[in-house]
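Below, all heavy atoms of this structure are taken into account, side chains as well, without hydrogens, waters or symmetry copies.
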Amino acid sequence: MSYVVKVFNAFDNRDIEAVADLCHEDFVHVDDYSMTTRDEWLASVKHQFENDCLHFTRDCSVVADRRDMFAMEFTRDIDGVTYRITNVSIKKDDKFWRFQINRVPI
């Protein structure tokens, strides 16, 4: 199964274990000027799954699905503001290793 299919299945099914399986043990998430560990990020994703506030299928496009990199863009409303969100991940051992997000209001 391709990496992009694994990513979409994990998030579409709100399967936190499948998301965890996509993350390298040394995973780091960068969001503007903050960084979180694998466990902190997974806790945040789980919370968003449980509160039905994580949706990334609107205007979604995969920018890159390469051996060492995965990137996608989508549109999401956050607190009444529409954002174009870009996620870029460097992969290690075919898992998310360094994961960076950028939000631009549109």
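Applying side-chain contact (heavy atoms from CB on, under 4.5 Å) to Tyr83 and the options Thr86, Ile85, Asp79 leaves one that passes, Ile85.
Remark: the backbone N or O of Ala20 is paired with a side-chain donor or acceptor of Arg38 at under 3.5 angstrom. Panel note: side chain Lys95, backbone Asp26; no donor-acceptor pair is recorded below 3.5 Å.
Note that CZ of Arg66 is 12.0 Å distant from CD1 of Ile90, once rounded to the nearest 0.5 Å. Interatomic distance, Met69 CE to Lys91 NZ, rounded to the nearest 0.5 Å: 10.0 Å. The line from CD1 of Ile106 to CG of Asp59 is 7.0 Å long, rounded to the nearest 0.5 Å. Atom-to-atom distance recorded for His24:NE2 and Trp97:CH2 is 8.5 Å, nearest 0.5 angstrom. Atom CD of residue Gln100 and atom NE2 of residue His29 lie 9.0 Å apart, to the nearest 0.5 angstrom. Taking CZ of Arg103 as the reference point, atom CZ of Arg76 lies at 7.0 Å (rounded to 0.5 Å).
A side-chain donor from one of Ser44 and Gln48 sits under 3.5 Å from a side-chain acceptor of the other.
Scanning all heavy atoms of the two residues, the minimum distance from Val62 to Phe8 falls at CG2-CE1, 3.8 Å. Tyr3 and Asp94 get closest at one heavy-atom pair: CE1-O, 3.3 Å. Taking both residues in full, the closest heavy atoms of Asp32 and Val30 are given as O-CG1, 3.8 Å, listed atom of the first, atom of the second, then distance. Across all their heavy atoms, Phe70 and Asp65 have their closest contact at CD1-OD1, 3.9 Å. Closest approach of His47 and Asn51 over heavy atoms only: O-ND2, 2.7 Å.
Taking the six-membered ring where tryptophan is involved, the planes of Phe49 and Phe11 are perpendicular, since the angle between them exceeds 60° and thus also 30°. Ring geometry for Trp41 versus Phe96: interplanar angle over 60°, hence perpendicular rather than tilted (30 to 60°).
Under the 4.5 Å side-chain contact rule for hydrophobic residues, Val63 and Val7 do not share a cluster. Hydrophobic clustering of Ile, Leu, Val, Met, Phe, Trp and Tyr side chains at less than 4.5 Å, counting indirect connections, unites Leu22 with Val5. Val88 and Phe74 are not part of a single hydrophobic cluster, where members link through side-chain heavy atoms under 4.5 Å apart.
For Arg58 and Asp77, the salt-bridge test passes: some basic side-chain N is under 4.0 Å from an acidic carboxylate O.
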